[in-house]
Each structure stands twice: as structure tokens, then as C-alpha cells.
2 protein chains.
Amino acid sequence: MLMEEPQVGTRERLLELSAQLFRERGFHATSMRDIARAAHMQPASIYHHFPGKESILHELMRGFLMELLHSAANASDQAADATGRLAAFMRTHIRLHATRAMVALVTDSELRALKDPARREVVMLRDRYEQLLQDILRQGVQEGLMYVPDVKIASYQLLALGTGVVFWWRPDGRLSLEEIVEQHVGAAFGICGVGRGKRG
Amino acid sequence: MLMEEPQVGTRERLLELSAQLFRERGFHATSMRDIARAAHMQPASIYHHFPGKESILHELMRGFLMELLHSAANASDQAADATGRLAAFMRTHIRLHATRAMVALVTDSELRALKDPARREVVMLRDRYEQLLQDILRQGVQEGLMYVPDVKIASYQLLALGTGVVFWWRPDGRLSLEEIVEQHVGAAFGICGVGRGKRG
DNA sequence: CAATTAACCTAACGAGCGTTCGGCAGGGGG
DNA sequence: CCCCCTGCCGAACGCTCGTTAGGTTAATTG
């Protein structure tokens with residue numbers, strides 16, 4: 001026991017490299033040999049850190065969703081009203097989806113590849129996240145600050161909006177991340193009819 | 001020559017079944033044997049209709065994108081102003097994405113699986129489609145009917161909004177397709193600031 | 001009726017897959 | 001000093017993959 005921690009754990013490096021490869025080629029098109037080659041080891045060595053290929057995907061998804069849940073809960077707790085909470089939610093959602101684009105895209109697009117004990121857990125986490133957003137919307141409607149025909153559908157629209165960023169955002173793009181974040185907050189307000197009054 | 005057409009061509013049936021399987025499991029997780037089993041034939045027989053697995057995906061994507069382009073061009077030509085064209089664009093986009101959900105999801109999520117002669121063609125078709133939407137937005141901004149900070153980003157937002165429908169829509173769901181379509185037209189107007197005046 | 005062709009079959013190929021087995025280096029603890 | 005545990009390795013397992021070769025059938029054509 002009581003070893004000093006390595007600078008960056010092999011396990012974490014494997015997770016990061018896997019996310020990169022899963023994003024580029026997709027889960028099923030990425031082989032353990034691909035991951036091993038990227039990490040400069042033999043395929044067999046990976047099994048010292050993970051019980052199998054699917055568990056790498058599982059870990060990636062669970063980690064990202066927990067991070068999302070944590071950030072969203074924190075951010076929207078500090079806001080005064082529902083529009084502030086919505087803005088905070090969208091801001092952390094998009095920031096995390098942009099800065100951790102590899103894992104984000106994998107989490108959003110490779111659910112199919114997970115089999116049922118792991119899959120169920122990930123779906124549950126995602127549902128909790130959606131619930132968080134729907135609570136904000138319900139509060140906003142009740143307070144008369146937002147106008148949405150249907151809370152569930154509006155939440156899908158907002159998540160699609162924020163998640164879509166991972167497909168095209170590049171750190172060296174034309175606009176800064178914060179500009180994009182604010183444009184998406186604006187779009188989210190537009191969808192929810194913020195500042196429109198009770199009748200559209 | 002001059003054979004009577006079969007009721008439904010084997011080729012078309014293969015395309016439809018492949019789309020279904022690609023959607024459920026993903027392209028790389030679907031084998032030729034899976035497709036053959038679904039079509040009640042032997043794997044080798046598929047090669048009488050397609051030169052390979054990838055060409056099935058290519059055909060699916062090209063077909064759907066051409067349908068999308070055709071519908072969008074037709075629909076928005078019949079509208080009077082930019083807001084009408086935007087509404088028409090979103091309506092056909094969402095209707096096609098809902099009624100042809102299998103192919104739509106595959107088209108939107110399996111681009112990675114295509115190699116470069118085919119991939120380039122599909123990307124070109126998709127770019128033409130995006131261009132169509134961006135033209136509408138530019139026109140709307142010029143006419144003072146819409147307010148968007150950035151046309152390109154707004155188009156990404158609108159496409160993410162409309163494409164997201166395939167992930168959750170079910171024909172026997174709580175709301176009818178037309179209700180959902182109209183809620184998305186509303187959301188699109190919200191994003192573009194329709195009916196807001198030049199200053200938000 | 002002979003020739004051709006479309007549509008499908010059985011069988012198999014080589015390659016690559018996820019995974020497992022047994023072993024080897026090396027450093028800290030008893 | 002020896003043991004054991006961690007981290008890694010080389011080699012191989014059984015399996016499935018996309019694809020191909022070659023043959024059979026039934027319908028169409030000249």
C-alpha cells in the first residue's frame with residue numbers, strides 16, 4: 001500500500017484515448033488493438049485496467065453524465081428565478097459538451113452499444129438530467145416567465161439544441177466558446193418564450 | 001425486356017430492412033448475415049443487389065438526402081416571405097424525419113462509416129441542404145423579419161432542433177405528428193426571433 | 001427449342017475481432 | 001533475502017466478419 005500516485009494514471013489515459021477513438025470511428029469500429037496501439041501497449045495489457053471493451057464505454061458515459069448532473073445541479077441552484085436557472089443549465093451543458101466533446105459525443109451516440117445492466121444505469125442517469133431541466137421549465141411556466149406548449153417536448157428541443165454543439169464546434173473556430181454559449185442561451189430563451197408575455 | 005415489375009422489389013426491401021437494423025444496432029454492429037436473415041435469404045444473395053455492405057449505407061443516405069433536398073426546395077418555393085419559407089422548411093424536415101425515422105437516424109449518425117468517394121458525395125448533399133436553410137435565414141434577416149446573431153450558427157441550431165425528433169418520436173405517442181411539427185415551427189420562430197422586432 | 005439471364009443457393013476463404021493464458025520484470029514490505 | 005503484487009508482454013483461442021467462387025433453378029428471349 002501507500003504508493004505515490006503516478007502523474008497521470010494509465011487508466012485515465014486509456015479512457016481519454018478510447019473516447020477519442022470512439023468519437024472518430026464509433027465504438028464498434030474501434031478495436032482493442034486500436035486502443036492499445038494509441039496507448040503504446042499490448043491489447044492484453046488493457047485488461048489489467050478494465051474487464052472488457054464495453055466497460056470502457058460504460059465508464060466514459062457514467063463519468064460524463066455524473067459530471068453533467070453535478071454541474072447542472074450546482075449551477076441552477078445559484079440562480080434566482082427560472083430564467084436564470086435555465087440560462088445556467090444551458091451554459092454548463094454547452095460548456096461541458098464543448099470542452100469535453102470527445103466523451104460528450106460518445107455518450108450521446110453510443111448508447112445502443114451498451115448491454116443491459118450498464119445500459120439501464122446510463123439511461124437512468126440521463127433521465128435524471130432531463131428531469132432537472134423539466135423542473136426548471138415547469139417552474140418557469142408556473143411563474144409566468146416562460147411560455148411552452150409542452151414541457152417534455154421543450155426539454156427535448158433544448159437538449160437537442162445544446163447537444164448539437166459537439167457536432168460542429170472546434171476550439172479554433174470563428175467564434176469563441178462564450179459567444180456560442182450566449183447565442184444558445186438566447187435561442188433557449190426564444191424556444192421558451194422568455195420575455196414574450198403569457199400570450200405569444 | 002418488358003418484365004412486369006414485382007410488387008415490391010427485393011432491392012427496396014433490402015434497403016428498408018437494412019435501415020431498420022442499422023438504426024437499432026448501428027452500421028458496424030449489423031452484419032450481412034443479420035440483413036440476410038431478416039430478408040430470408042443467404043448472405044451471398046445480397047451481393048446480387050449491392051456490391052457490398054457499405055454501398056447499402058451509401059444508397060440509404062443518398063436517397064434520403066435527395067428526398068430531403070427535393071421536399072425542402074419545393075416547400076419553400078411556395079411560401080410568400082422568409083418566415084413562411086422557414087416554416088415550410090421545418091415542416092418538411094420534421095415530417096420526413098418522423099415518417100422515415102429509420103433512414104433519417106442512420107443518415108444523421110453513420111457518416112463516419114462511409115469511406116471517401118461515397119462520404120464526400122453525402123457531405124456535399126448535406127451541405128447543399130444546409131445552404132438552403134441559410135439562404136432562408138439571410139433573406140429573413142435582410143427583410144427584417146428575423147433576428148439572429150449569426151446565420152450559420154442559427155442554421156445549426158435549427159437543424160439540431162428538427163433532427164432531434166427522430167430520437168424520441170413514436171407514431172403512437174402522446175401527441176400527433178402535426179402537433180409536434182407545429183411546436184417545432186414555433187420553436188424555430190423563437191430561435192430566429194420572428195415577431196420580436198429588430199431589437200430583442 | 002436453345003440460349004441467356006436474373007436470382008438465389010452452398011461452401012468456403014482470409015482477416016480481424018474480443019478475450020484469455022502463462023510468464024516476466026521490478027520494487028516495496030515482512 | 002524472499003515474496004508477492006502490479007503492470008505489462010507474447011502468443012494463442014474460438015469466433016464472426018465481409019466477401020467470393022461456383023453451381024442450380026426458373027423464367028425470358030430470339
Side-chain angles (χ1 to χ4, degrees), chain A residues 1-22 24-61 106 110 112-119, chain B residues 1-22 24-61 106 110 112-119:
Chain A
M1 286 293 170
L2 202 89
M3 294 177 291
E4 47 196 329
E5 291 280 308
Q7 291 235 24
V8 49
T10 308
R11 194 188 154 83
E12 277 66 36
R13 204 162 52 88
L14 281 172
L15 280 173
E16 196 168 334
L17 290 169
S18 300
Q20 204 157 333
L21 290 169
F22 290 166
E24 282 166 17
R25 319 176 187 187
F27 177 75
H28 286 293
T30 304
S31 69
M32 291 299 259
R33 285 163 179 85
D34 290 334
I35 300 172
R37 197 174 312 118
H40 301 291
M41 22 164 87
Q42 297 304 308
S45 311
I46 301 178
Y47 289 83
H48 259 275
H49 303 275
F50 300 94
K53 187 185 171 190
E54 207 188 295
S55 89
I56 301 182
L57 180 62
H58 182 201
E59 197 109 334
L60 280 174
M61 290 186 166
V106 170
E110 295 287 7
R112 290 181 297 206
L114 235 46
K115 283 191 257 310
D116 219 0
R119 189 192 144 97
Chain B
M1 286 293 172
L2 203 92
M3 298 176 289
E4 48 195 333
E5 291 279 310
Q7 290 234 4
V8 50
T10 307
R11 194 189 154 85
E12 276 67 35
R13 203 161 52 88
L14 281 172
L15 280 172
E16 196 168 333
L17 290 169
S18 300
Q20 204 157 334
L21 290 168
F22 290 166
E24 284 167 15
R25 318 176 189 186
F27 177 76
H28 285 293
T30 304
S31 69
M32 291 300 256
R33 286 161 179 86
D34 290 335
I35 300 173
R37 198 176 309 119
H40 300 294
M41 22 164 87
Q42 297 304 311
S45 309
I46 301 178
Y47 289 82
H48 257 276
H49 303 275
F50 300 94
K53 187 186 171 189
E54 206 188 297
S55 89
I56 302 181
L57 180 63
H58 181 202
E59 198 108 335
L60 280 174
M61 288 185 168
V106 170
E110 295 287 7
R112 288 181 299 205
L114 235 45
K115 282 192 259 310
D116 217 1
R119 188 193 144 97

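Just so it is clear: chains get the letters A, B, ... in the order the sequence lines come, proteins before strands, and each one is counted from 1.
Look at A/His40 and you won't find any side-chain N or O under 4.0 angstrom from OP1 or OP2 of D/dC8.
Here the P atom of nucleotide D/dT19 and the CD1 atom of B/Ile35 are 10 Å apart, to the nearest Å. The CZ atom of A/Phe50 sits 13 Å away from the P atom of C/dT19 (whole-angstrom rounding). For the pair B/Lys115 NZ and D/dG18 C1', the interatomic distance rounds to 11 Å; values are reported in whole Å. The separation between A/Ile56 atom CD1 and C/dC17 atom P is 14 Å, rounded to whole Å. Rounded to whole Å, the distance from CD1 on B/Ile46 to C1' on C/dC9 is 13 Å. Put simply, CZ on A/Arg37 is 11 Å from C1' on C/dG16, counting in whole angstrom units. Across the protein-nucleic acid pair, A/Met32 atom CE and C/dA15 atom P stand 23 Å apart, rounded to whole Å. Rounded to a whole Å, the NE2 atom of A/His28 is 17 Å from the C1' atom of D/dG18.
You'll find that the side chain of B/Tyr47 is closest to D/dT19, out of D/dC17, D/dG7, D/dT19. Out of D/dG7, C/dG18, D/dT19, the shortest distance to the side chain of B/Lys53 is found at D/dT19. Closest contact between the side chain of B/Met41 and the listed nucleotides D/dT20, C/dT20, C/dC8 involves C/dC8. With distances taken from any side-chain atom of A/Pro43 to the nucleotides C/dT19, D/dT19, D/dC9, the minimum falls on C/dT19. Side chain of A/His49, nearest nucleotide from C/dT19, D/dC8, C/dC8: D/dC8.
Contacts of B/Gln42 with the nucleic acid, taken as non-hydrogen atoms under 4.0 Å apart, include base atoms. In this structure, B/Ser45 reaches the bases: a heavy-atom distance under 4.0 Å links it to at least one base atom across the strands shown.
Relative to the six-membered ring of B/Phe27, B/Lys53 meets both conditions, a distance below 6.0 Å and an angle of at most 45° to the axis.
Counting atom types as modelled, B/Arg33 pairs a side-chain N or O with a base atom of D/dG18 as donor and acceptor under 3.5 Å.
Of the residues near DNA chain C, B/Ala44 and A/Thr30, the one whose nearest nucleotide (by heavy atom distance) lies more toward the 5' end is B/Ala44.
The two residues A/Arg33 and A/Pro43 make their nearest non-hydrogen contact at CG-CG, 3.7 Å.
Ion pair A/Glu110/B/Arg112 flagged as a salt bridge, since at least one NZ, NE, NH1 or NH2 atom sits closer than 4.0 Å to an Asp/Glu carboxylate oxygen.
Residue-environment remark: CD (B/Glu54) exceeds the threshold of 12 foreign heavy atoms within 6.0 Å.
Taking the side chain as every heavy atom from C-beta outward, B/Ile56 and B/Leu14 never approach each other to under 4.5 Å.
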